[in-house]
Student: 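Questions regarding the structure given below will be posed in turn.
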Amino acid sequence: QVQLVESGGGLVQAGGSLRLSCAASGRTVSSVTMGWFRQAPGEERELVAGISWYGGTTYYVDSVKGRFAISRDNAKNTLYLQMNSLKPEDTAVYYCAAGRLSTIVVAQNQYDYWGQGTQVTVSS
């Protein structure tokens, strides 16, 4: 089993930055694909950014390209999401997820472990 705990969410003005962290425990996540999903009220959960187990491959949804950066520190069992130039439409609950996948996939049902989520609110 893997437990994931997100932190770093909060309230920020448009144009500001936040850094989300996801600490994994229970077993190492160094060999699994990981990602950040988000879900806004009334909308489906979407993959915002994903990263392969070795960090060499990343994925970003079009709406965050050039503004968000995903990274991982396998030695610390931690996943990060640096979010810059935040917009009100980035407001959502952000979830960390891990999956025993050979590649990054966007379908949330392919991920095995989930965190409890952290709220990100961007004011205009």
Side-chain angles (χ1 to χ4, degrees):
Q1 281 290 347
V2 174
Q3 292 79 43
L4 303 174
V5 179
E6 302 96 336
S7 61
L11 173 64
V12 64
Q13 289 189 333
S17 298
L18 284 174
R19 188 193 195 203
L20 305 183
S21 298
C22 173
S25 62
R27 61 178 290 181
T28 181
V29 293
S30 60
S31 60
V32 300
T33 295
M34 299 192 74
W36 288 98
F37 286 76
R38 68 184 177 188
Q39 187 168 22
E43 297 188 12
E44 292 188 357
R45 192 173 298 187
E46 67 169 349
L47 178 64
V48 175
I51 188 167
S52 59
W53 68 269
Y54 59 95
T57 302
T58 56
Y59 162 89
Y60 297 95
V61 70
D62 286 347
S63 59
V64 308
K65 285 181 179 177
R67 300 189 297 121
F68 290 12
I70 189 171
S71 61
R72 65 191 298 168
D73 185 336
N74 286 340
K76 295 182 178 180
N77 250 10
T78 303
L79 178 72
Y80 304 98
L81 185 66
Q82 178 66 43
M83 304 186 295
N84 299 325
S85 301
L86 283 161
K87 304 175 181 180
E89 50 264 44
D90 295 318
T91 295
V93 177
Y94 284 70
Y95 297 90
C96 172
R100 292 166 290 183
L101 305 166
S102 59
T103 186
I104 301 168
V105 298
V106 298
Q108 60 172 311
N109 62 6
Q110 298 299 305
Y111 289 78
D112 304 290
Y113 307 105
W114 291 86
Q116 81 289 348
T118 185
Q119 177 70 47
V120 171
T121 303
V122 184
S123 63
S124 57

Student: Any idea which heavy atoms bring Met34 and Cys96 closest together, and the distance?
Tutor: CE-SG, 3.9 Å
Student: Roughly how far, to the nearest 0.5 Å, is NZ of Lys87 from OG of Ser124?
Tutor: 14.0 Å
Student: Tell me if a side-chain donor or acceptor on Asp90 pairs with a main-chain N or O of Val120 at a distance below 3.5 Å.
Tutor: no
Student: Given side chains that start at C-beta, do those of Ile104 and Leu47 come closer than 4.5 Å, heavy atoms only?
Tutor: yes
Student: Which pair of non-hydrogen atoms, one from Val93 and one from Gly117, has the smallest distance, and what is that distance?
Tutor: CG1-CA, 3.9 Å
Student: How far apart are the closest heavy atoms of Tyr95 and Gly115, and which atoms are they?
Tutor: CD2-O, 3.7 Å
Student: For the OG1 atom of Thr91 and the CZ atom of Arg38, what is their distance to the nearest 0.5 Å?
Tutor: 9.0 Å
Student: Look at the side chain of Glu6 and the backbone N and O of Gln116, then say whether any donor-acceptor pair between them is shorter than 3.5 Å.
Tutor: yes
Student: If I take atom CG from residue Leu18 and atom CD from residue Gln82, how far apart are they, to the nearest 0.5 angstrom?
Tutor: 8.5 Å
Student: Identify the two heavy atoms, one from Ser85 and one from Ser17, that lie closest to each other, and give their separation to 0.1 Å.
Tutor: N-OG, 4.3 Å
Student: What I want to find out is whether Lys65 reaches Asp62 closely enough, with some N-O distance under 4.0 Å, to be called a salt bridge.
Tutor: yes
Student: Any idea which heavy atoms bring Thr58 and Ile51 closest together, and the distance?
Tutor: CG2-CG1, 4.0 Å
Student: Can you tell me how far apart OG (Ser21) and CG (Leu81) are? Round to the nearest 0.5 Å.
Tutor: 9.5 Å
Student: Can Tyr54 be reached from Tyr60 by stepping across I, L, V, M, F, W or Y side chains whose heavy atoms are under 4.5 Å apart?
Tutor: no
Student: So if I apply the ring-ring contact (aromatic ring centres under 6.0 Å, His included) rule between Phe37 and each of Tyr59, Trp114, Tyr94, which one comes out positive?
Tutor: Trp114
Student: Would you say Val106 and Phe68 are hydrophobically clustered, going by side-chain heavy atoms of ILVMFWY under 4.5 Å?
Tutor: yes
Student: Is Ile70 linked to Trp53 within one hydrophobic cluster, defined over Ile, Leu, Val, Met, Phe, Trp and Tyr using a side-chain heavy-atom separation of less than 4.5 Å?
Tutor: no
Student: Can you name the nearest heavy-atom pair linking Arg72 to Val32, along with the distance?
Tutor: NH1-O, 2.8 Å
Student: Can you tell me how far the CE atom of Met83 sits from the CZ atom of Arg19, to the nearest 0.5 Å?
Tutor: 11.5 Å
Student: Starting from Trp36, can I reach Tyr80 by hopping between I/L/V/M/F/W/Y residues whose side chains sit under 4.5 Å apart?
Tutor: no
Student: Does Tyr111 reach the main-chain N or O of Leu101 with its side chain, forming a donor-acceptor pair under 3.5 Å?
Tutor: no
